[in-house]
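One structure below.
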Amino acid sequence: MFKQVNLDLLTINNKVMEFTYFIGTDVSKNKLDFAVMRGNTLLFHKEIANSQQDIILFIKELIKLPEFNLANAVFCMEHTGIYNNHLLACLYKKKANIWLEAALQIKNSWGNLRGKNDKVDAIRIADYAYTKRDKVRLWRPKREAVQQLSHLTAARTRLIEAKKMLKTPLQEHDSFSSKKIARQSNSMCSHTLKAIDADLEKTEKSIDKIIAADAELKRLFNLITSVSGIGKVTATQILITTNEFKDIRNPKQYACYAGVAPFTDDSGKIKKKARVSHIANKKVKTLLHMSALIAIQHNKDIKHYYERKVNQEKKNKMSVINAIRNKLVLRIFACVNHNSPYQNNYQKLVA
């Protein structure tokens, strides 16, 4: 096993890499702020437009620096959704080293700092890349099919929220307003609601079509949904957030990501109850919660476990539900890792 003797030597995908330049990037809709460091020395800051043309010109400017090449440089930036797309596309095409990090991860590394602007943020991101250079994780784009799934599920969520935003006031009018006003309100929104339902149906069919047409997605989807309580929406979200189980392969790691892994907080003689972290993907956490409730209703083993813990052992209901969320995660990853659908009647064979 490679033994690290120099912090600038990194083992990534079994390859030793040495970075000389660390380029922090603060990304916004209209502009990009770059902070260029050589080692731990800041060379300069530059602001450019968030366009492919300006990005290409900036890369040409970087190449003129002493001993600079894209192989010994790493570009670090925060997740900012689609605003990253131009930069990621240009850098990936040039085979540059890209480090896409969670914004909260970078923010927490700074401690309690005051003062904030785009230039300062870019410098702090560059410093983060240098300081954490032994923990670099290079970004690779998701497959086209997974990217399509991600955009479609986001569109589905927006459509559901739009429908809810319209229907909630209408339901309140039915309860508290006169019949005339209620009819008038329903009439004004009826065409919009029908259009949203039609778009929702179209989106659902598109999601189904993508999964059915891709052999790997279909295989993983069938394995995930073989676990009792896990439905189509949750399975699709797991496919996206794990990047087909390429980025996250460990169930404990995914439980942390989803905010369902309990952590103890003991200090000296004070023993505190284990709690889940609020730092999580809230969408995945909610979906796993709903899946746990469905599993309690329809899976005999899960239902028996829940009733025993709550009724006999007098455990807190939410703690038990969270334990079931963890069980579901463990079962999903076991199915994927063994490439075998979940079997409720599985019995361990003993030699």
Side-chain angles (χ1 to χ4, degrees), residues 149 153 156-157 160 200 204-205 207-208 210-212 214-245 247-264 273-278 280-350:
L149 277 183
T153 54
R156 179 184 178 276
T157 299
I160 291 172
L200 267 172
E204 296 280 4
K205 286 181 178 179
I207 291 171
D208 293 341
I210 290 171
I211 293 172
D214 189 286
E216 180 62 8
L217 286 177
K218 186 177 180 180
R219 180 185 72 85
L220 291 171
F221 182 84
N222 290 335
L223 291 172
I224 297 169
T225 53
S226 70
V227 177
S228 180
I230 303 297
K232 169 186 163 182
V233 176
T234 305
T236 305
Q237 199 62 41
I238 291 171
L239 283 172
I240 295 165
T241 51
T242 62
N243 189 18
E244 303 175 273
F245 296 87
D247 294 345
I248 303 179
R249 298 186 178 95
N250 185 290
K252 290 184 179 179
Q253 186 183 357
Y254 194 72
C256 291
Y257 170 82
V260 299
F263 291 94
T264 56
K273 192 175 180 180
R275 296 180 181 275
V276 296
S277 174
H278 68 280
N281 184 318
K282 300 296 175 63
K283 183 185 293 184
V284 174
K285 188 173 184 177
T286 300
L287 289 172
L288 286 173
H289 182 80
M290 297 304 296
S291 297
L293 296 180
I294 293 170
I296 291 169
Q297 291 179 341
H298 300 286
N299 183 279
K300 290 182 180 180
D301 293 336
I302 295 292
K303 184 177 182 180
H304 176 72
Y305 171 84
Y306 176 81
E307 291 176 345
R308 174 168 57 83
K309 289 290 182 180
V310 172
N311 298 330
Q312 298 177 23
E313 300 179 23
K314 306 300 180 183
K315 297 288 185 180
N316 180 275
K317 287 185 178 180
M318 281 305 301
S319 295
V320 179
I321 291 173
N322 189 67
I324 294 170
R325 291 189 290 198
N326 273 284
K327 281 180 178 290
L328 295 180
V329 171
L330 288 169
R331 289 180 179 184
I332 290 165
F333 276 78
C335 290
V336 171
N337 291 335
H338 290 91
N339 193 26
S340 176
Y342 185 77
Q343 299 176 21
N344 283 319
N345 59 349
Y346 172 78
Q347 292 182 351
K348 187 176 180 180
L349 298 176
V350 181

- Item | Within-4.5 Å side-chain heavy-atom neighbours: Thr241 and Ile248 | no
- Query: Can you find a heavy atom in the side chain of Cys335 that is under 4.5 Å from one in the side chain of Val227?
  - Reply: yes
- Query: What salt bridge (Lys or Arg N to Asp or Glu O under 4.0 Å) pairs are there with at least one residue in residues 287-304, not counting sequence neighbours?
  - Reply: none
Mind checking side-chain contact (heavy atoms from CB on, under 4.5 Å) for [X] and listing every partner two or more places apart, or none if nothing turns up?
| X | value |
| --- | --- |
| Lys317 | Tyr306, Val310 |
| Asn243 | Lys142, Val146, Lys246, Asp247 |
| Asn311 | Glu307 |
| Thr236 | Leu149, Thr153, Ile207, Ile211, Phe221, Lys232, Ile240 |

Mind checking salt bridge (charged side-chain N to carboxylate O under 4.0 Å, His left out) for [X] and listing every partner two or more places apart, or none if nothing turns up?
| X | result |
| --- | --- |
| Arg331 | none |
| Lys205 | Glu201 |
| Arg249 | none |
| Lys309 | Glu313 |

- Message: Test of understanding: with ring-ring contact (aromatic ring centres under 6.0 Å, His included), list the residues that count as partners of Tyr305, not counting sequence neighbours.
- Response: none
- Message: Checking Tyr257 now: which residues fulfil ring-ring contact (aromatic ring centres under 6.0 Å, His included) with it, not counting sequence neighbours?
- Response: Tyr254
- Message: Minimum heavy-atom separation for Ala235 and Thr225, please, with both atom names.
- Response: CB-CG2, 3.6 Å
Roughly how far apart are [X] [atom1] and [Y] [atom2], rounded to 0.5 Å?
| X | Y | atom1 | atom2 | value |
| --- | --- | --- | --- | --- |
| Gln237 | Thr242 | CD | OG1 | 10.0 Å |
| Thr286 | Asn281 | OG1 | CG | 9.0 Å |
| Gln312 | Lys314 | CD | NZ | 9.0 Å |
| Asn326 | Ile321 | CG | CD1 | 13.0 Å |
| Ile332 | Ser226 | CD1 | OG | 8.5 Å |
| Leu328 | Phe333 | CG | CZ | 12.5 Å |

- Item | Sidechain-backbone polar pair: Asn322 side chain, Met318 backbone, donor-acceptor under 3.5 Å | no
Only distances under 3.5 Å count here; give the side-chain donor-acceptor pairs of residues 289-298 to other protein atoms, sequence neighbours excluded, each with its distance to 0.1 Å.
unit_1 : atom_1 : unit_2 : atom_2 : d
Ser291 : OG     : Gly229 : O      : 3.3
Ser291 : OG     : Thr234 : OG1    : 3.3
Ser291 : OG     : Leu287 : O      : 2.9

